[in-house]
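Notes to accompany the following structure.
Counting convention: from 1, in listed order, for ligands and their atoms alike. All values derive from a computational prediction rather than experimental measurement.
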Amino acid sequence: VNKWGSDTFNHYLDIFNSIDAVTAGIFLCPAYEMFHEPVPDPDWSTIVPSFRHLSPADLAMYDTQKIYKYGFAYDTIIAEGRLYMEYLITKIKSFTGRATILTGCRVESLTELSFYGENFAAVINCTGLGARELVDDASMYPIRGHVVRVKAPWIRYHVEAENKENPTLPAYIIPNSDTIVLGGTKALDDDDLTPRKEDRDAILARCIAAVPSLAASEFVEEWVGLRPGRPSVRLELERFDSNGGDMPPVVVSNYGHGGSGLTLAYGCAGDAVELLQKEKII
Ligand SMILES: Cc1cc2nc3c(=O)[nH]c(=O)nc-3n(C[C@H](O)[C@H](O)[C@H](O)COP(=O)(O)OP(=O)(O)OC[C@H]3O[C@@H](n4cnc5c(N)ncnc54)[C@H](O)[C@@H]3O)c2cc1C
């Protein structure tokens, strides 16, 4: 996982250092995290630049409410999902003659793909939670996440603050180019896409406790998404004997990234390509 994370981080850094940074929604951002007790360094501490522990004096500057006892800081990459996806789609469309883009169609079975008039050498299955039905993967489950978007242009850093009542639910504050994302929730096996007032209120309360100036922010919108949960990412190649049927001969599964799809995307995509190269399919 660390390799997937570092390959992805380096890919985003390359975009950040290119003319594409703005359209792709990729930028570098200072970050700090605060905890009630000391915690081990995260695995990714060696991937991000400038990882350092906060001294008591540094912590006191960030934690004006004197809630936290421990913290670290680093520089991170923000990848704005909405912009980055648009950027990728535009890039794929530019592969004239080499890419067929079908939008808005739900595939009920992998055998159905032959009806789109192509003889696919391989299919890469990146359907996230959809793999539950598409390939009958019963280990997939939804992890419901609710976020709130506000206007607070004075916030130019990422913050994560531990929640004592529920350590799996930290307050997080993620600056985007025009708004700030406040989160979050993590409800396993909950696939209700309707935002709940109690979640919104709890998110705002936790984020305002960590960064009091957010009380002056302006609400823009909120949304609920389903992270594709799985005990581990599924990234593997299978060959199928179609026996004259319509099953694609090769399927690479690349799904089940839980809450880390943006963090691992490029590294996993690289491994998917490598699997195809090893099998001499591309
Ligand atoms: C609230 C929230 C916060 C998040 N925060 C982070 C974060 O901080 N860091 C991070 O790295 N990631 C984050 N994510 C991203 C996320 O957790 C996932 O890991 C990521 O979206 C997975 O990407 P994916 O492309 O594999 O799956 P998805 O994004 O679920 O995309 C799957 C696509 O396949 C399509 N599909 C499925 N089945 C079919 C079918 N049968 N036929 C046709 N199309 C189909 C779906 O419509 C969808 O477009 C967050 C997500 C949420 C909801």
Side-chain angles (χ1 to χ4, degrees), residues 1-2 4-9 11-12 25-26 29 31 33 42 44 47-48 76-86 88-89 92 101-113 115-116 123-137 140-149 158-160 168-176 180-188 190-196 199-200 203 207 221-230 232-235 251-269 271-272:
V1 169
N2 255 10
W4 290 336
S6 85
D7 286 355
T8 307
F9 195 89
H11 167 68
Y12 289 146
I26 305 293
C29 169
E33 302 197 9
W44 45 260
I47 297 175
V48 295
T76 192
I77 284 281
I78 305 285
E80 285 192 52
R82 297 198 276 198
L83 297 179
Y84 184 58
M85 288 307 290
E86 278 301 313
L88 291 179
I89 289 169
I92 291 169
I101 299 194
L102 308 161
T103 51
C105 46
R106 189 182 161 77
V107 178
E108 302 299 337
S109 149
L110 293 178
T111 56
E112 204 184 286
L113 292 170
F115 298 124
Y116 291 106
V123 167
I124 303 181
N125 176 9
C126 305
T127 51
L129 194 57
R132 201 170 37 173
E133 288 83 35
L134 185 63
V135 290
D136 287 329
D137 188 334
M140 292 297 302
Y141 57 92
I143 308 172
R144 181 180 185 275
H146 182 154
V147 291
V148 177
R149 206 175 269 280
H158 164 57
V159 182
E160 196 160 314
T168 64
L169 272 193
Y172 62 79
I173 295 157
I174 303 179
N176 279 187
I180 312 289
V181 175
L182 307 180
T185 64
K186 261 186 208 166
L188 305 195
D190 185 343
D191 57 8
D192 175 14
L193 289 171
T194 310
R196 296 171 193 149
D199 286 341
R200 182 202 318 147
I203 290 168
C207 290
E221 61 173 337
E222 62 190 329
W223 65 275
V224 170
L226 304 179
R227 306 173 181 97
R230 197 174 187 277
S232 62
V233 173
R234 182 169 183 215
L235 183 33
V251 176
V252 177
S253 300
N254 182 8
Y255 61 79
H257 298 81
S260 306
L262 281 163
T263 310
L264 306 176
Y266 191 82
C268 288
D271 274 11

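Considering only non-hydrogen protein atoms, atom 31 (O) of ligand 1 sits nearest to C126 O, 4.4 Å. Given atom 26 (O) of ligand 1, the protein heavy atom at minimum distance is H257 ND1, 3.9 Å. Of all protein heavy atoms, the one closest to atom 22 (C) of ligand 1 is P228 CG, 3.8 Å. For atom 34 (O) of ligand 1, the closest heavy atom belonging to the protein is T127 CA, 3.6 Å. Considering only non-hydrogen protein atoms, atom 44 (N) of ligand 1 sits nearest to C105 O, 4.3 Å. Counting only heavy atoms of the protein, atom 41 (N) of ligand 1 lies nearest to V107 O, 2.7 Å. The closest protein non-hydrogen atom to atom 27 (O) of ligand 1 is G128 CA, 3.8 Å. Remark: minimum distance from atom 20 (C) of ligand 1 to any protein heavy atom is reached at G261 CA, 3.8 Å.
Residue T263 has at least one heavy-atom neighbour below 4.0 Å for each of these atoms of ligand 1: 9 (N), 10 (C), 11 (O). Each of the atoms 10 (C), 11 (O), 12 (N) of ligand 1 lies under 4.0 Å from some heavy atom of L262. Listed by number with element, the atoms of ligand 1 under 4.0 Å from a non-hydrogen atom of G130 are 37 (C), 38 (N). Heavy-atom contacts of G225 reach the following atoms of ligand 1: 53 (C) (cutoff under 4.0 Å).
Comparing heavy-atom distances from atom 18 (C) of ligand 1 across G258, G5, A265, G259 singles out G258 as nearest. For atom 1 (C) of ligand 1, the nearest non-hydrogen atom from the set G145, G183, P142, S260 belongs to G145.
Checking atom 49 (O) of ligand 1 against the protein gives no heavy-atom contact under 4.0 Å. Distance screen at 4.0 Å: atom 9 (N) of ligand 1 has a protein heavy-atom neighbour inside the cut-off. Within the 4.0 angstrom cut-off, atom 29 (O) of ligand 1 has no protein heavy-atom neighbours.
Of the N or O atoms in V147, none lie within a sub-3.5 Å distance of an N or O in ligand 1. Considering both main-chain and side-chain atoms, R227 never comes within under 3.5 Å of ligand 1 through any nitrogen or oxygen pair.
In plain terms, the two heavy atoms of T127 and Y255 that are nearest each other are N-CB, 4.4 Å. Looking at every heavy atom in both residues, I203 comes nearest to H146 through CD1-O, 3.3 Å.
The structure places NE2 of H257 at 6.5 Å from CG of L235, a figure rounded to the nearest 0.5 Å. The distance from the CG atom of L129 to the CG atom of D137 is 10.0 Å, given to the nearest 0.5 Å. For the atom pair T194 OG1 and D199 CG, the distance stands at 11.5 Å (nearest 0.5 Å). Rounding to the nearest 0.5 Å gives a distance of 9.5 Å between CG of N2 and CG of L264.
In this structure, T185 and R196 have side chains that are not in contact, with every pair of non-hydrogen atoms separated by 4.5 Å or more. For the pair M140/R234, no side-chain contact is recorded, criterion being any heavy-atom separation below 4.5 Å from C-beta on.
Side chain of R144 to main chain of V224: no donor-acceptor pair is present (N/O by atom type, distance under 3.5 Å, no hydrogens or angles). In this structure a side-chain-to-backbone donor-acceptor pair under 3.5 Å is present from T8 to G267.
For the residue pair N176/R149, the side-chain donor-acceptor check at 3.5 Å is satisfied.
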### Task
Test ring pair (Phe, Tyr, Trp, His ring centres under 6.0 Å) on Y266 and Y12 and set out the steps.
CA-CA 9 Å; Y266 191 82; Y12 289 146; 8.0 Å; no
